[in-house]
Q: 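Below you'll find the structure I mean.
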Amino acid sequence: MTQSWGYAAQQATTPLAPFSFSRRDPKEHDVAVQIEYCGVCHSDIHSTRNEWKNAIYPMIPGHEIIGRVTSVGSAVKKFKAGERVGVGVIVDSCRTCSSCQAGEEQYCEVGMTLTYGAQDKYGDLTQGGYSNNIVTDEHFVHRVSEKLDPAGVAPLLCAGITTYSPLRHWKVGPGKKVGVVGLGGLGHMALKFAHSFGAHVVQFTTSASKIADAKRLGADDVVISKDADAMKKEANSFDFIIDTVSAVHDLNEYLPLIKRDGVYCQVGLPEEPPTVHMGNLLFKRRNLSGSIIGGMAETQEMLDYCAEHNITSDVEVISIDKINEAFERVVKADVKYRFVIDMSTLKKA
Ligand SMILES: [Zn+2]
Ligand SMILES: [Zn+2]
């Protein structure tokens with residue numbers, strides 16, 4: 001076994017605290033990674049606090065992982081020691097079902113294995129990236145360019161691919177009018193990608209204080225969603241809207257803004273189901289859709305695209321001992337736009 005340490009939640013109501021555990025020794029297809037940076041995703045908070053009612057403890061969260069390969073199994077061809085790599089939200093899937101065969105491992109019919117808080121095929125509890133190392137099958141490890149700031153790359157593994165994938169799937173590009181709802185970790189990446197793909201991008205926000213930042217991040221226009229007249233002016237005009245908000249909110253304010261046959265895509269996961277007035281879908285044949293992360297090939301494509309176009313997340317780097325404070329600030333949306341933990345600050349417990 002590989003001796004490991006990190007910061008874990010022991011139960012839903014306790015703060016994260018130092019924790020020692022062990023990981024499997026690398027098997028023939030495994031890559032062992034020393035973790036350099038790990039992003040702080042809102043899911044980490046939902047999960048460690050058992051807000052999705054499926055937590056298994058002790059739980060080390062973290063699924064936006066950047067690090068360097070320390071060793072590889074005998075059958076690994078793709079990676080060698082010393083290379084910079086990333087690990088995202090999932091670490092295994094069945095590899096044989098129709099979704100896996102299509103390169104959409106995140107929709108595995110048997111069920112994907114999450115990077116933390118899940119039981120893997122060896123019967124071990126998976127533990128995430130708020131730790132010194134990780135051992136993962138090479139299929140779920142991605143190459144990361146040395147050209148980019150590794151702290152800014154970490155959030156691409158969840159926030160990045162979660163927005164990149166639906167924008168690509170629904171063919172966002174030149175000539176398309178695209179809306180982004182919410183300007184947080186996901187929203188700021190959606191802005192950067194939609195702008196980079198050549199679309200006309202409109203940020204929706206409740207707060208006028210975010211206008212300048214939205215424009216800096218790639219918005220052509222900003223609409224204050226509380227301004228009913230401004231919202232009315234946008235009716236039937238959008239090809240695509242990506243909704244990154246995970247708090248409960250009213251989709252019926254946004255659906256009428258979609259043009260005929262356009263798509264409203266939800267990537268935030270509110271705790272309570274929304275009410276949708278079906279008339280908002282029927283009368284313009286509008287589509288209400290959802291999406292989670294992306295497949296492994298697409299995640300690599302996204303990372304390569306970011307290296308080529310110099311795209312990273314806007315981050316605030318913290319030391320691991322500030323993690324509980326950071327969680328509170330994420331809940332209050334008080335971060336621009338993602339916390340990333342410098343894992344060199346993690347000392348052996
Ligand atoms: Zn995430
Ligand atoms: Zn599968």
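A quick note: this is a predicted structure, and the numbers were derived from the prediction, not measured. Whatever order the structure lists them in is the order used to number ligands and atoms, beginning at 1. Below, each value reflects all heavy atoms present in this structure, side chains not excepted, and no hydrogens, waters or symmetry copies.
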Q: Only to 10 degrees, please: what angle do the SG atom of C94 and the SG atom of C100 make about the Zn ion (ligand 2)?
A: 120°

Q: For Y305 together with F197, are the ring centres under 6.0 Å from each other?
A: yes

Q: Is the centre of the F204 ring less than 6.0 Å from the centre of the F238 ring?
A: yes

Q: Test of geometry: compute the angle SG(C158)-the Zn ion (ligand 1)-SG(C41) and round it to 10°.
A: 130°

Q: Kindly confirm whether the Zn ion (ligand 1) is within less than 2.8 Å of some N/O/S atom in H42?
A: no

Q: So, are E271 and R49 salt-bridged, with charged N and O less than 4.0 Å apart?
A: no

Q: Within rounding of 10°, what is the angle whose vertex is the Zn ion (ligand 2) and whose arms end at SG of C97 and SG of C108?
A: 120°

Q: Measure from the ring center of Y164 to the ring center of F193 and say whether it is less than 6.0 Å.
A: yes

